[in-house]
Asker: 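After the structure tokens below, expect a handful of questions from me.
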Protein chains: 2
Amino acid sequence: MASVRGPADAAYEQLRSLIFRGELQPNERLVEVDLAARLRVGRAVVRTALVRLGQDGIVVLTPHRGARVKLVSEAEAVEIVQTRAVLEALTSRQAAVQATTREIDGLRRTLERMSARLAAGDLLGYSEGNAALHAGIIAASRHQTAARLISGLRAQMVRFQFRTILVPGRPPESYQEHSAIVEAIAAHDPDAAEAAMRHHLRGVERTLSRTNRAEVP
Amino acid sequence: MASVRGPADAAYEQLRSLIFRGELQPNERLVEVDLAARLRVGRAVVRTALVRLGQDGIVVLTPHRGARVKLVSEAEAVEIVQTRAVLEALTSRQAAVQATTREIDGLRRTLERMSARLAAGDLLGYSEGNAALHAGIIAASRHQTAARLISGLRAQMVRFQFRTILVPGRPPESYQEHSAIVEAIAAHDPDAAEAAMRHHLRGVERTLSRTNRAEVP
DNA sequence: GCGGACAAGATTGCGAACAATCTTCCGAAG
DNA sequence: CTTCGGAAGATTGTTCGCAATCTTGTCCGC
């Protein structure tokens, strides 16, 4: 992660994390003075943090009416997954070319951990492994531009974070798909890596569009 | 284009346009008071505009050292084109599904205009048509998420705007590629549309990595 | 002549106060 | 009872001012 360069950056990261962790819920109004008190900083700092969050689509700023955590619709969620799909397919392809042996070992270890969690029925742990695996692939790709955009897209998906994992029968599928991605990268086969990642996120998209209800608490 | 909702947004758009048009050159220092005087707004407005531009990677903000127009390296330019490639391939695919007859007619007309400019040796006009065609395809795709990201990426490419067009023998190739994209969309063939766009931007990428020198004034 | 401390100027970061705008609540008319 | 109007409160947008930090120029020792 990028280190924090000042109190302003710290506030930005904190707000982002608060939204990501669900402490600030979608559609919740973000009042500047309240946030300033909560984060122990001035209103100006909160303000610029909100501008930044607005620019990467995590909150929506309406003039004279303040900021709210963006509530992404089902349709937008599908758009976001589609976009992530093509971007992560790109990183997967690049990772197949660039990944070091060390990085590939790391991916394999993460995969094993995921397998263990899955066998133990620990879906939350599996989900964490999932995130770690994607992060590892992105890091191995050394593609800064794609990495930046993907990070922005992930932040918008809070509401749907665990939805796909909770669908009965989905986790084993998911595990197979991830395994295929890692093997393609390990084999240094860009085309296969890209195809496997696309296949995986097409699965996520299908699962998502099928569960157009049932909020997660 | 999104309409301007206030003086703050106006300043953001103006700065963006200034950078895009080359009036503020890469690596140029952006002093807040100077810009404020130039745009006839307060320093705070300039400040938030700079924060926004910083967030979408067009300027780089160094704490206590101000803002500069980001100078993108050749390597970054390649990354950006690769990223645009996959994103625009997505919009191209969606456009093949979603485009109305009216929109397809519009694309065809733009293509004809490009052909005329090319025949007349008007490379600048051709380049404008190029931009219009890509914009038309993105609009026809109705893919807001991809559209937003592509718009951000385009803004970073100022330095390389005309470079590929100026390569001898490239324009006719480029025209053929664009023609193929439009025909695939007109035929409502998503796979072909995606493939054609990928082919096109692979051409741009190759041309770009081959011209790793020769600045454009 | 050259390099490093030091001071002066320039610029950004931030807090406080004020103005502009929106929201809410209350009352009165229909 | 509903709806319109307006005033009070809340919240955002902007300006001002000052402290913190960086940059530049100068002077002194070597």
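Letters A, B, ... are given to chains in the order of the sequence lines, protein chains preceding strands, and every chain is numbered from 1.
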Asker: Distance check needed: dT12(C) C1' versus R68(B) CZ, whole Å only.
Answerer: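 Distance, rounded to whole Å: 14 Å.
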Asker: Round to the nearest Å and state the distance from E28(B) atom CD to dT11(C) atom P.
Answerer: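 These atoms are roughly 14 Å apart.
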Asker: With sequence neighbours left out, write down each residue that passes side chain to side chain donor-acceptor pair (under 3.5 Å) with T145(A), or none if nothing qualifies.
Answerer: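 T145(A) satisfies side chain to side chain donor-acceptor pair (under 3.5 Å) with E79(B) only.
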Asker: L30(B) CG to dG13(C) P: how many Å, rounded?
Answerer: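 That distance rounds to 13 Å.
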Asker: Could you tell me the separation between the OH atom of Y12(A) and the P atom of dG13(C), rounded to a whole number of Å?
Answerer: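 Interatomic distance, OH of Y12(A) to P of dG13(C): 17 Å.
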Asker: Could you check whether any side-chain heavy atom of D56(B) comes within less than 4.5 Å of a side-chain heavy atom of R16(B), counting everything from C-beta outward?
Answerer: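 The answer is yes; the side chains approach within 4.5 Å.
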Asker: How would you list all residue pairs meeting ring-ring contact (aromatic ring centres under 6.0 Å, His included) that involve residues 131-151 of chain B, not counting sequence neighbours?
Answerer: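 Qualifying pairs, neighbours excluded: H134(B)-H178(B), H134(B)-H200(B).
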Asker: Is any NZ, NE, NH1 or NH2 atom of the basic residue among E173(A) and R170(A) found under 4.0 Å from an Asp or Glu carboxylate oxygen of the other?
Answerer: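 A salt bridge links E173(A) with R170(A).
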Asker: Indicate for each nucleotide in nucleotides 15-23 of chain D, in 5' to 3' sequence, whether protein heavy atoms under 4.0 Å reach the base (B), only the sugar-phosphate (S), or nothing (-).
Answerer: B-B---SSS
Asker: R40(B) CZ to dT14(D) P: how many Å, rounded?
Answerer: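 Checked: the CZ to P distance equals 18 Å.
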Asker: Could you state the atom-to-atom distance from CG of L61(A) to P of dT12(D) in whole Å?
Answerer: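 Between P of dT12(D) and CG of L61(A): 10 Å.
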Asker: Just do the salt bridge (charged side-chain N to carboxylate O under 4.0 Å, His left out) check on D9(A) and R52(A) with the steps written out, would you?
Answerer: CA-CA 10 Å; D9(A) 268 328; R52(A) 292 177 65 184; 2.7 Å; yes
Asker: May I ask you to say what L50(B) touches in the nucleic acid, namely base, sugar-phosphate or nothing, with a heavy-atom cut-off under 4.0 Å?
Answerer: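 Nothing, no nucleic acid heavy atom in range.
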Asker: Charged N to carboxylate O under 4.0 angstrom, E74(A) versus R163(A)?
Answerer: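 Yes, charged N to carboxylate O under 4.0 Å.
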Asker: Could you tell me the separation between the CD atom of E32(B) and the P atom of dC14(C), rounded to a whole number of Å?
Answerer: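 Going from E32(B) (CD) to dC14(C) (P), I get 11 Å.
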